[in-house]
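Residue numbering restarts at 1 for every chain, and letters A, B, ... go by the order of the sequence lines.
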2 protein chains.
Amino acid sequence: MNAKTSESTNPHTAAGKGEELAQAAFTLFSTRGIDRVNLDEVAAAAGVTKGSLYWHYSSKKAVVLAACDLYYLRWRAQISAATDSCAGAYATLEAAVAYSVRSCLLDDANRVFSTEIVALSLYDTDVRASWAGFLDETQRYFLGLTHQAVGSGELVCADVDRAVDLMVAAMEGIKQIALFQPQICGPQSEQRTCIRLMSLLGSQQER
Amino acid sequence: MNAKTSESTNPHTAAGKGEELAQAAFTLFSTRGIDRVNLDEVAAAAGVTKGSLYWHYSSKKAVVLAACDLYYLRWRAQISAATDSCAGAYATLEAAVAYSVRSCLLDDANRVFSTEIVALSLYDTDVRASWAGFLDETQRYFLGLTHQAVGSGELVCADVDRAVDLMVAAMEGIKQIALFQPQICGPQSEQRTCIRLMSLLGSQQER
DNA sequence: CATCAACTGTACTGGTCAGTATGGAGTTCC
DNA sequence: GGAACTCCATACTGACCAGTACAGTTGATG
């Protein structure tokens, strides 16, 4: 009960050990899974020991939640990096879908981490709430872009809300199924997947 | 190394303790998760002790794989029960999708078990191979029905293979997302989800 | 210099649990 | 009747690991 609580919920010491521990935890969790990584390893990967880790975080669950927050931050940074050179809502939407598909199919760390968190969410309401917020954020992100693309006449879609729902669900499903069908991870399949997902959002209008 | 191997791979003693242990394991695993259930509990739920369990199964992993096989058996039984009164490929397809959506959205045990197995598949190649076979079976099931419906003129679909791929992926995604959006589990939403998924397979032809 | 707070390391505890060792009970078959 | 096999229970081991106790160390501040 030191500064633990404020640290884990509000890591104001940006590049401090708290942050470094969260990064080490994320790296380990997303390669070997949460249950298979102990906090001694996390601490060691950050260059400290468990005694120090427990000063920054009150429990393993707090470490997991910090790793989640880091994952969200990185998603935001990467999705905006993948789309910042795009002009127009439709092009942005295409780039965002392309980035998401790529990370679903090729980024093992992404798959491992999200699968682990989903499994944890079955039993832990805090983790579930955290991940639900993130899912909601991504959904709203795609929803906003799709509405923009429809508004600008680049896209025609009868029911944007449901279309985005379905597209996001399909994306999650593809991420999961890719683990069992590695053959769908090739570049040509990746592109076809993007086209299929985009078609769920409506039909593109020529100018 | 007793009769363990033959038992776990070929449970010929149909209603024996081996089967009963697998059922107990499935029930426990699909409510509390695999890591959170120990083999003493599994044995106790089947009315025996761990010593007996280890005569029937060589390891916890063997118990998990037996529970998987039980899950596959039950899926086959339930999907055929849900469709056996249907006349025609399209009606069968509709009923199969409706059953799958219902079990995705409302059946917690189904969600917990499959999520746990997917998470385990990240690290265990045997479990992954087992689940991959099941995914392949379900995919081929929907593929066969869709081809039939197209062949009989009830359905029009340009690319059946890709359409089924996408529909199955969307179904998996919906199952996962439902954990975080309980509001989509209502009956009216369930029906809309079915219609949406069916529309992925093509457009129905009036007779 | 004394004091306090931030931070870290070492060593330990307590609980959990997969897997093992072993000694049976019941049955079958020679 | 005894040998062999099937099935089961009791008791134990050994490893793992989250969390705790506590004693530093460092640096800022009055």
Side-chain angles (χ1 to χ4, degrees), chain A residues 1-25 28-29 32-67 116 120 123-124 126-127, chain B residues 1-25 28-29 31-67 116 119-120 123-124 126-127:
Chain A
M1 316 288 173
N2 297 319
K4 293 172 190 177
T5 315
S6 72
E7 173 77 26
S8 64
T9 55
N10 174 26
H12 47 285
T13 55
K17 274 293 174 195
E19 186 79 5
E20 210 171 323
L21 282 162
Q23 287 182 17
L28 287 169
F29 289 164
R32 288 176 32 215
I34 295 170
D35 288 341
R36 293 153 199 267
V37 171
N38 63 53
L39 294 184
D40 286 295
E41 294 177 274
V42 173
V48 292
T49 58
K50 199 163 56 173
S52 176
L53 185 147
Y54 269 95
W55 190 88
H56 290 278
Y57 298 99
S58 61
S59 64
K60 184 168 189 177
K61 180 167 136 179
V63 176
V64 170
L65 289 171
E116 288 278 331
L120 241 187
Y123 316 103
D124 188 305
D126 294 326
V127 174
Chain B
M1 314 290 174
N2 298 321
K4 293 171 187 174
T5 316
S6 72
E7 173 77 24
S8 64
T9 56
N10 174 26
H12 47 286
T13 57
K17 272 296 173 193
E19 186 79 3
E20 211 171 322
L21 281 161
Q23 286 182 17
L28 287 169
F29 289 164
T31 48
R32 289 175 32 216
I34 295 170
D35 287 342
R36 293 153 198 267
V37 171
N38 63 54
L39 295 183
D40 286 295
E41 294 176 276
V42 172
V48 292
T49 58
K50 199 163 57 172
S52 176
L53 185 147
Y54 269 95
W55 190 88
H56 289 279
Y57 298 99
S58 60
S59 65
K60 184 168 189 177
K61 180 167 134 180
V63 176
V64 170
L65 288 171
E116 288 277 333
L120 241 188
Y123 315 104
D124 188 306
D126 294 326
V127 174

- Query: Are any of His56(A)'s side-chain N or O atoms less than 4.0 Å away from OP1 or OP2 of dT8(C)?
  - Reply: yes
- Task: Keeping the roles fixed (side chain from Glu41(A), backbone from Asn38(A)), state whether a donor-acceptor pair exists under 3.5 Å.
- Result: yes
- Query: When you measure from the side chain of Glu116(A) to the backbone N and O of Gly33(A), does any donor-acceptor pair fall under 3.5 Å?
  - Reply: no
- Item | Options dT10(C), dG19(D), dC8(D), nucleotide nearest the side-chain atoms of Lys60(A) | dG19(D)
- Item | Polar side-chain contact Lys50(B)-dA9(D) base: donor and acceptor under 3.5 Å | no
- Item | Nucleotide nearest Thr49(B) when distance is taken to its side chain, options dT10(D), dT6(D), dG9(C) | dT10(D)
- Query: Checking side-chain contact (heavy atoms from CB on, under 4.5 Å) against Lys60(B), which of Leu53(B), Val42(B), Leu39(B), Leu65(B) comes through?
  - Reply: Leu39(B)
- Message: I need the CD-P distance between Glu19(B) and dC7(D), as an integer number of Å.
- Response: 14 Å
- Query: What is the distance, rounded to the nearest whole Å, between atom CG of Asn38(B) and atom C1' of dC17(D)?
  - Reply: 16 Å
- Message: Using a heavy-atom cut-off of 4.0 Å across all strands, would you classify Val37(B) as base, sugar-phosphate, or nothing?
- Response: sugar-phosphate
- dG19(D) C1' sits how many Å from Lys61(A) NZ, rounded? 15 Å
- Message: Just the rounded figure in Å: distance from P of dG19(D) to OH of Tyr57(A).
- Response: 15 Å
- Task: Quickly work out the Trp55(A) CH2 to dA21(D) C1' distance and round it to whole Å.
- Result: 17 Å
- Message: Please report the distance, rounded to the nearest Å, between NZ in Lys17(B) and C1' in dG26(C).
- Response: 16 Å
- Message: Of the listed nucleotides (dT20(C), dA18(D), dA9(D)), which one gets closest to any side-chain atom of Tyr54(B)?
- Response: dT20(C)
- Atom CG of Leu39(B) to atom C1' of dC17(C): distance rounded to whole Å? 8 Å
- Task: Using heavy atoms to find the nearest nucleotide of DNA chain D for Val48(B) and Arg36(A) separately, return the residue whose nucleotide is more 5′.
- Result: Val48(B)
- Message: If we ignore hydrogens and angles and just use 3.5 Å, is the side chain of Tyr57(A) paired with the main-chain N or O of Ala66(A) as donor and acceptor?
- Response: no
